[in-house]
Amino acid sequence: MVLERLLVMPETIFLNFVDMDLGAITKYSALHAKPSGLILQYGTAGFRTKAEHLDHVMFRMGLLAVLRSKQTKSTIGVMVTASHNPEEDNGVKLVDPLGEMLAPSWEEHATCLANAEEQDMQRVLIDISEKEAVNLQQDAFVVIGRDTRPSSEKLSQSVIDGVTVLGGQFHDYGLLTTPQLHYMVYCRNTGGRYGKATIEGYYQKLSKAFVELTKQASCSGDEYRSLKVDCANGIGALKLREMEHYFSQGLSVQLFNDGSKGKLNHLCGADFVKSHQKPPQGMEIKSNERCCSFDGDADRIVYYYHDADGHFHLIDGDKIATLISSFLKELLVEIGESLNIGVVQTAYANGSSTRYLEEVMKVPVYCTKTGVKHLHHKAQEFDIGVYFEANGHGTALFSTAVEMKIKQSAEQLEDKKRKAAKMLENIIDLFNQAAGDAISDMLVIEAILALKGLTVQQWDGLYTDLPNRQLKVQVADRRVISTTNAERQAVTPPGLQEAINDLVKKYKLSRAFVRPSGTEDVVRVYAEADSQESADHLAHEVSLAVFQLAGGIGERPQPASDGEGTPH
Ligand code: NG1
Ligand code: ZN
């Protein structure tokens, strides 16, 4: 089959395939054989499933990363992690040259390659090279990182096998947070201008900016200088511990769920805290103490505290975006620059946050589909784009022109303006421009609170979240649900959107939408309303509508019983 194809190919392409050692690929692929019949999809966060099903996917993503690297003539990243998912799971995603998520056409290639049966794998590999006009003689360089899951080390070795067999060079960073790998890729592809592509480079860049920034804070009481961090028993604990002494002048962190005993993401971490709206296990919280949680690969962060009456208050990605964008706007006003700031959210953003940003802060807000690549992309359209998912994944992006303008202002302007420009310069350095990053976001937030002299309650008090509820519904095929208007409206199955509209009308300040998950085999339901009871009822009623109209399977959705329901 391969020979037949080679005979009809133009000479250049013929030469091209001589550079693929097809014999070696077959031999190595057999050592990472695909369980026949297994079908996986490259979703919003790459491939994700039980770790024992992923060996062949890892090998093949090593191969694919080499092709992508050759095509883009850049370093490509491969991260082995399943983020906030259970410890038994794992996953892999490719990181494109500027730290972004993989280009959509390559996501399709990834799915084809991962699902090709053993005997078809080579053909698919050649097809991809052909379609993407990959010059196989080009050098390739791949950087690899992994989280702390027990399965991650072996799986990252399989990635390396894939890279090597296609003749790619690689650097294995070993244990890294996901955003740190994005940072490494970005640094390597921008000739070191962004920073040094080493773990020390990352620590130094962020800590220097943070320490310089917090030196300007007039409120330097202990209250502003200590923070409890739940590390989800993941990689964030290791990396924060390594980094701590670089920024200890400005902040002291107390780590919980550091992986020494508990299980990864189990009853702790950002996803648990956000979806259950309660504190993680293993953390003792005194009233009004500032606490935060990372997820398992440290790309999400949420804050929270207990008030004097012992009530739990969650400060999610929406409130983080609000704090950050309002501070940035203040600095711009001070410098006298009229740059355009935009905030990008998804349909999951709390309605109160959108209203506050638009009506009180007068900042334009945009809604995109779920998945950071959509938010990131939209945020790039602004001079300064702040994007956050409600679950705490986000960052702020500054265009190169803005960065240069600010650096100039920091040199030229007179006293007060100069100080503001300097702060902005530090903030630009502190944000991970390549990806949402819990460590970087945490330092930005801590700096802003110190600079503004805000307590966690004052921050929380910017606006009051509308009560909300998220549920999941099992259906036979979640693809029967398609959506439009940034996932806020269902197009199919027929009648579903009308049913949702009728239900929403029954409650005050209410909103609801459904969408198929990109990472799990479920349909997600979101509802908000003027009271928790109403939000719970609405979410339940919408779940029933999904169950009936979109082919629900298993048990009918149950109402939320104790205010916790079966949240995601
Ligand atoms: P899905 O499973 O498509 O809802 C979830 C999160 C996303 C994003 C991805 C990737 C929610 C509702 N969804 O996607 O925001 O973070 O995982 O990890 O939080
Ligand atoms: Zn994550």
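All values below were derived from every heavy atom in this structure, side-chain atoms included, with hydrogens, water molecules and symmetry-related copies excluded. Order of listing sets the numbers, starting from 1, for every ligand and every atom in it. Everything numeric here is computed off the predicted structure, so don't read it as measured data.
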So Q41 and F47, do their side chains get closer than 4.5 Å, heavy atoms only?
no
Looking only at distance, does S517 have an N or O less than 3.5 Å from an N or O of ligand 1?
yes
Considering distance alone, does some N or O of G518 sit under 3.5 Å from an N or O of ligand 1?
yes
Looking only at distance, does T370 have an N or O less than 3.5 Å from an N or O of ligand 1?
no
Without swapping roles, check the side chain of R478 against the backbone of E520 for a donor-acceptor pair under 3.5 Å.
yes
For R524, take its heavy atoms, then give the atoms of ligand 1 lying under 4.0 Å from any of them.
1 (P), 2 (O), 4 (O), 12 (C)
With a 3.5 Å distance limit and no angle check, can you tell me whether S74 reaches the backbone of T72 through a side-chain donor-acceptor pair?
yes
What do you reckon, is CD of E153 surrounded by more than 12 foreign heavy atoms closer than 6.0 Å?
no
Between Y348 and ligand 1, which residue portion shows a heavy-atom distance shorter than 4.0 Å: side chain, backbone, both, or neither?
side chain
Check the angle between the aromatic planes of Y348 and F513 and answer parallel, tilted or perpendicular using the 30° and 60° thresholds.
perpendicular
H84 heavy atoms, cut-off 4.0 Å: which ligand 1 atoms fall inside?
18 (O)
State yes or no: are the ring centers of H313 and Y304 separated by less than 6.0 Å?
no
Using a 4.0 Å heavy-atom cut-off, say whether N391 meets ligand 1 through its side chain, its backbone, both or neither.
side chain
Shortest heavy-atom approach to atom 18 (O) of ligand 1 - which of R300, H393, K369, K274
R300
Exam field: side chain D437 to backbone T395, donor-acceptor pair closer than 3.5 Å
no
So which protein N/O/S atoms does the Zn ion (ligand 2) have within less than 2.8 Å?
S83 OG, D295 OD2, D297 OD1, D299 OD1
Side-chain atoms of residues 365-372: list all donor-acceptor pairs with protein atoms under 3.5 Å, sequence neighbours left out, distances to 0.1 Å.
from, atom 1, to, atom 2, distance (Å)
T370, OG1, E487, OE1, 2.7
T370, OG1, R515, NE, 3.4

Partners meeting salt bridge (charged side-chain N to carboxylate O under 4.0 Å, His left out) with E533 (sequence neighbours left out)
none
Contacting atoms of ligand 1, where contact means under 4.0 angstrom from a heavy atom of R515
1 (P), 3 (O), 4 (O)
For the residue pair Y42 and W106, is the inter-centroid distance of their aromatic rings smaller than 6.0 Å?
no
Ring pair (Phe, Tyr, Trp, His ring centres under 6.0 Å) involving Y183 - partner list, sequence neighbours excluded:
Y194, Y202
Any nitrogen or oxygen of Q470, main chain or side chain, under 3.5 Å from a nitrogen or oxygen of ligand 1?
no
